[in-house]
**Q** 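Here it is, the structure in full.
Chain letters run A, B, ... following the sequence lines, proteins first, then strands; residues in each count from 1.
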Amino acid sequence: MITFNHVSKKFKYHFWDKEYLALDDISFHIKEGDLVGFLGANGAGKTTLIKILMDFSRQDSGVVNFSKSLGHDLLTIKAAIGYLPERAYLYPHLTGREFLQFMGEISEINKTEVAKSIDYWADKMQLSYAIDRRIKSYSKGMQQRLGFVSALMHSPKFLVLDEPLSGLDPVGRRDFKKILKQLNNDGVTIFFSSHIVSDVEEICNKVVFIEKGKLIYEGSIDHLLVEHSNDLYLFKYILDGKLIINHVRENDKNQELERLISLKANILEVEKEKPNLEEIIYKIKK
Amino acid sequence: MNHIFIVAKYTFIDVYRSKVMNSLFFLAAGLVALTYVASEFAYGAPAKIALDFGFGITSIINIMLAIFIGANILSKEIEQKTLYMIISRKISRSSFLIGKILGLSSVLLINSITMGMLSIFIYVFLGGVFQGLMIWAIVFSLTEALIILLFSVLFSLVTNSTMAIIYSVGLFIVGHALNETSKIFIVKTNMFFKYVIELSFFLVPSLYKLNLKDFLLYKQSIDLNYLLGIQFYSISYMCALTIFISLIFKNKNLD
């Protein structure tokens, strides 16, 4: 669906400043139906790459290719994309409904559809009670929800979200993740950036990880977990009144089990050790 | 074209409900008070002074609003990230920018009408006689503000907001001083200055032509064709400037 081919971008804030490489030869592919988590620390280059993807900013070298299923020209492609920037502050003097009507009108959706869409999503995002209030009275989380609705109301095929979970309370995060999962199940391809690894691990099937503008990993989360898992088993048992935690290699686990049974130990837990994505990311970074 | 009006419509609603409109109310009240005070000091010709003062203040407020709106039109949108949300849709960058300028121009329109009409009302109240040229003066004041607004947007596209404000003020001064400067002896006789002035006449808008106050105060008549000619020049200038601004914005990196 989307392919980044050797995308690089340099920045120089003043002409006397030294240039720095914000993105260094980034190449990866997003397949139709993927739910991709875009990971990286603050300042890793996530927003810069998203801005290039959305044609807000231009790369110094490389190309971003869109599949024909999204459209043939820039405006048609844009019509198939839903975008939410990180922490947007929407027009304060418009009401939530007016803002969504505005977004609906520029997306060329007819008024009846816009009204239906607003009611549906406002209800789903628990914004119905505030939809006719001016945006200046909204909290950050409410603005984030409203922005999310605006990104969804034209039924995009591809969703690009920049840190969509930042500024949300735990309930809001849960709701967002649930909706993202549901949208993905309905066939929407999703690319969202985050610096919180657990969020990505929870809902994504694929991860793209960048560090200081360089691509560190691109691929499925399962593959990453298998690749970095070890062959250790954790044994937790009580023997002679003492709680013992032991790590045993896969080849020795049956032997260890037999030994514990013969010693009449109280076996509490036997589990294969699985590192989580966060641990792997730290490991890769090192 | 439709997208331009959609952006203009919602920009207008947002501005209409903002504090800018409240400030216009206070400015209008201030204008009435100041004009009254000024006319009290004018022995023999209070109406004339009221008109001079009223139109002068209207013009200054219009220019100030134009410069500040123009210089911040994009930086505010980028800072709040609404720009990204809107241009991520099926809308061209040019349509967004022109719609935004059109929507914000409504502030200048409302200011020109309110303050201009108030000035005329005070003038008539103090014994002055209404002239059709007064309406032209209001139209020209609005036109001048729109040209400055466009320049301010242009400067904000190539530099930061502070510098855009400084450049716009500079352009306003040059636009008014150009004609008088060209009459200075050294400018007339020196080839270099002569070329600079000729080039400036070509590039810088002739804002001095939009000032009709002297004609009004001394009841001089102006040919309608002359007024239409100036308006045509101004509209053509604004169109060319809008195309130029759109081209720059289309290719600008919105980092």
**Q** Shorter than 4.5 Å, heavy atoms on both sides: which option in B:V15, B:I91, B:T11 has the most such pairs with chain A?
**A**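 Highest number of pairs under 4.5 Å: B:I91.
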
**Q** Would you call B:E77 and A:Y91 a side-chain contact if the rule is heavy atoms closer than 4.5 Å?
**A**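 When only atoms from C-beta onward are counted, A:Y91 and B:E77 do touch, with a gap below 4.5 Å.
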
**Q** Atom OG in B:S88, atom CG in A:L53: separation rounded to 0.5 Å?
**A** 11.0 Å

**Q** Measuring heavy-atom distances to chain A, does B:F96 have an atom under 4.5 Å in its side chain, in its backbone, in both, or in neither?
**A**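 Contact with chain A involves the side chain of B:F96 alone.
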
**Q** Between A:P85, A:G147, A:A151, which shows the greatest number of heavy-atom pairs under 4.5 Å with chain B?
**A** A:P85

**Q** About how many Å separate OH of B:Y84 and OG1 of A:T47, when rounded to the nearest 0.5 Å?
**A** 9.5 Å

**Q** Which one wins on heavy-atom pair count under 4.5 Å against chain A: B:K76, B:K9, B:K81?
**A**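 The answer is B:K81.
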
**Q** Pair A:H154, B:K90 - check side chain to side chain contact (heavy atoms under 4.5 Å, CB included), show working.
**A** CA-CA 11 Å; A:H154 59 300; B:K90 201 179 171 182; over 6 Å; no

**Q** When you compare the side chain of B:N251 with that of A:R58, does any pair of heavy atoms fall below 4.5 Å?
**A** yes

**Q** Could you tell me whether a side-chain N or O of B:R89 sits under 3.5 Å from a main-chain N or O of A:E108, the two making a donor and an acceptor?
**A** no

**Q** Quick one: closest heavy-atom pair of B:N253 and A:K9, and the distance?
**A** ND2-NZ, 3.4 Å

**Q** Heavy-atom distance under 4.5 Å to chain A: side chain of B:V7, backbone, both or neither?
**A** both

**Q** Going from NZ on A:K78 to CD1 on B:I87, what distance comes out if it is rounded to the nearest 0.5 angstrom?
**A**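 One gets 5.5 Å once the value is rounded to the nearest 0.5 Å.
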
**Q** Under 4.5 Å from any heavy atom of chain B, what part of A:S150 do you find: side chain, backbone, both or neither?
**A** both

**Q** Side chain, backbone, both or neither: which part of A:M54 has a heavy atom under 4.5 Å from chain B?
**A**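 Side chain of A:M54 only, per the 4.5 Å heavy-atom cut-off to chain B.
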
**Q** Is B:K252 in contact with chain A via its backbone, its side chain, both, or neither, using a 4.5 Å heavy-atom distance?
**A**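 B:K252 touches chain A through backbone heavy atoms alone.
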
**Q** A side-chain contact here means heavy atoms from C-beta on lying under 4.5 Å apart; do B:M85 and A:L84 qualify?
**A** yes

**Q** Taking side chain as everything from C-beta outward and backbone as N, CA, C, O, which of these in A:P92 sits under 4.5 Å from a heavy atom of chain B? Side chain, backbone, both or neither.
**A**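 Contact with chain B: backbone and side chain both.
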
**Q** Treating B:D14 as the side-chain partner and A:H93 as the backbone partner, does any N or O pair qualify as donor plus acceptor under 3.5 Å?
**A** yes

**Q** Ring-plane angle category for B:Y10 and A:F102, please: parallel below 30°, perpendicular beyond 60°, tilted otherwise.
**A** parallel

